[in-house]
2 protein chains.
Amino acid sequence: MARTQGSHSDITGPRIRAAAQELFARHGFAAVSMRQIASHVGLQAGALYNYTSDKQSLLVELMQAHMEDLLTAWAAEPKPGDVMGCLEAFVRFHIRYNLQRSDAVFIAYMELRNLTPDNFRQIEAHRRAYEDQLEGVLKDGVEQGVFDVPDTKIAALAVIAMLNGVLTWYRDSGRLSLVEVETIYWDMVRKAVGV
Amino acid sequence: MARTQGSHSDITGPRIRAAAQELFARHGFAAVSMRQIASHVGLQAGALYNYTSDKQSLLVELMQAHMEDLLTAWAAEPKPGDVMGCLEAFVRFHIRYNLQRSDAVFIAYMELRNLTPDNFRQIEAHRRAYEDQLEGVLKDGVEQGVFDVPDTKIAALAVIAMLNGVLTWYRDSGRLSLVEVETIYWDMVRKAVGV
DNA sequence: GTCTATACAAGGATAGAC
DNA sequence: GTCTATCCTTGTATAGAC
């Protein structure tokens, strides 16, 4: 007899988060029901509550995991000794990393308003920490006379916003390869903050 | 010409759209109920249906009106004869116009996925027409040797994405005036696409 | 751990009185 | 044009059987 019931806790949890991530990214947190998520995993809605206390937790856990992964990955990225090389590393890393996890990135940027105040502050702190990484590079470059920006904070936000725009149009099957895209954006960023 | 008792159709319609715009921008389309909108206007939910056939229509009408206003306003904007001046005009116009109508802009960018396919195509066409305005300027500049961008389409998208980023952090009460912000972004854009 | 069943609230939308 | 009342669906979350 087919085993329709039984213990699958070790794989069901990740599958639920994966389904939630995909659905939240595609339709938006508020537009996705617990029943939809359960259906994607082949469960009944009630079973989800063995893995999450509520829908909000599902969202915040996805966002938290994404932000922590992002910061960890950037920390592990090899960085050249010069600021120009660091900036290039950031640009290429950001595009590559975010395109590889577009669902998580979409959620992290679009669903902030669906977080409770406490959760919002937590995610916001992570986001700021990431922005600070880029701003640090810009500050160093300005000090060394390699970069010329009137306001490093705004420049950092502007660069990240520009890079995030890639998410809205890039397709794997498109006319440009990932590296070509990286290079085009790096060209613009380099000139935008250059002397 | 006597109105029927309690007739307010001439002002109620706009008030409903204004309330919907504010609520959709703040909480997201899917998270806002018809009862909430009605309550903001001082009506019962059922009364809304004298002004809109359904919730989706409310959304698409807001987005359509915004996109058409945006294109009309840019068309009416005075433009210098040189491409560099045109690009500056676009940057300053875009920042100024979008900050003045941040609710409408937020909705136009965040709620695309809540449109039915037909409505999506319609709004998407407007958005592309606006992007084409900027790309036209960039193309002219490249032809004249004033700008140097490897791909005018991507450059246009990158510039707009960068400028839209202002919406996420600008506050009227902040340390920078609108004109200062315009100038900072114009400086970066000018350099990013310059020779 | 998952199921079925269900409690209970909230949603979109309509009908008919005024 | 708006209200009240209501229909019907869908939503989150829980309880208890297996």
Side-chain angles (χ1 to χ4, degrees), chain A residues 1-24 26-63 107 111 113-116 118-119, chain B residues 1-24 26-63 107 111 113-116 118-119:
Chain A
M1 113 156 122
R3 177 167 140 175
T4 56
Q5 293 188 1
S7 173
H8 295 103
S9 69
D10 49 342
I11 56 169
T12 305
R15 288 183 64 216
I16 289 173
R17 282 186 286 277
Q21 178 158 296
E22 187 193 325
L23 290 167
F24 290 167
R26 174 138 40 178
H27 306 290
F29 173 76
V32 173
S33 70
M34 295 297 267
R35 286 196 234 265
Q36 274 178 276
I37 298 169
S39 160
H40 253 237
V41 187
L43 292 178
Q44 293 300 312
L48 297 180
Y49 293 87
N50 287 315
Y51 299 90
T52 185
S53 58
D54 53 19
K55 198 183 168 192
Q56 170 80 199
S57 300
L58 214 43
L59 175 62
V60 72
E61 277 161 23
L62 287 174
M63 293 176 80
I107 294 170
E111 305 299 349
R113 61 186 169 188
N114 284 306
L115 294 174
T116 59
D118 272 4
N119 289 336
Chain B
M1 286 302 180
R3 283 221 209 104
T4 58
Q5 195 175 15
S7 170
H8 298 286
S9 69
D10 50 342
I11 56 170
T12 304
R15 288 184 65 215
I16 289 173
R17 282 187 286 277
Q21 179 159 304
E22 187 193 325
L23 289 167
F24 289 167
R26 174 137 41 178
H27 306 291
F29 173 76
V32 173
S33 70
M34 295 297 269
R35 286 178 170 88
Q36 272 178 277
I37 297 169
S39 161
H40 252 238
V41 187
L43 293 177
Q44 292 301 312
L48 297 180
Y49 293 87
N50 288 315
Y51 299 91
T52 185
S53 57
D54 54 19
K55 198 184 169 193
Q56 170 80 199
S57 300
L58 214 43
L59 175 63
V60 72
E61 278 159 22
L62 287 175
M63 294 177 79
I107 293 170
E111 304 299 348
R113 60 187 169 186
N114 284 306
L115 293 174
T116 59
D118 273 4
N119 290 335

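Computation of the quantities below employed the complete heavy-atom set of this structure, encompassing side-chain atoms and omitting hydrogens, waters and symmetry-equivalent molecules. Everything numeric in this text was worked out from a predicted model, so none of it was measured. Every chain is numbered from 1, with letters handed out A, B, ... down the list of sequences.
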Tell me which residues in residues 53-62 of chain A put a heavy atom below 4.0 Å from DNA chain D, sorted by number, or none. A:D54, A:K55
What residues form a side chain to side chain donor-acceptor pair (under 3.5 Å) with B:R26, not counting sequence neighbours? B:E22
Within residues 35-48 of chain A, the residues having a heavy atom closer than 4.0 Å to DNA chain D are A:R35, A:G46
So, is B:S33 near the phosphate of C:dA10, with a side-chain N or O under 4.0 Å from OP1 or OP2? no
Minimum heavy-atom distance between B:F24 and B:K55, given as atom pair plus value: CE2-CE, 4.4 Å
If the condition is side chain to side chain donor-acceptor pair (under 3.5 Å), which residues does B:N114 pass it with, not counting sequence neighbours? B:E111
Any residue meeting side chain to side chain donor-acceptor pair (under 3.5 Å) with B:Q56, in chain and number order, not counting sequence neighbours: B:N119
Can you tell me how far the CE atom of A:M34 sits from the CG atom of A:L58, to the nearest 0.5 Å? 6.0 Å
With a 4.0 Å cutoff (strictly under), does any side-chain N or O of B:Y51 reach OP1 or OP2 of D:dT2? yes
Under 3.5 Å donor-acceptor pairs involving side-chain atoms of residues 36-44 of chain B, not counting sequence neighbours:
unit_1, atom_1, unit_2, atom_2, d
B:Q36, OE1, B:S33, N, 3.0

With sequence neighbours excluded, tell me which residues meet side chain to side chain donor-acceptor pair (under 3.5 Å) with B:D54. B:S57
To the nearest Å, how far apart are A:M34 CE and C:dT4 P? 17 Å
Distance in angstrom units between A:Y49 OH and D:dA13 P, rounded: 4 Å
B:T12 side chain near D:dT2 phosphate (N/O to OP1/OP2, under 4.0 Å): yes
Rounded to the nearest 0.5 Å, what separation is found between the CG atom of B:N50 and the OG1 atom of B:T12? 9.5 Å
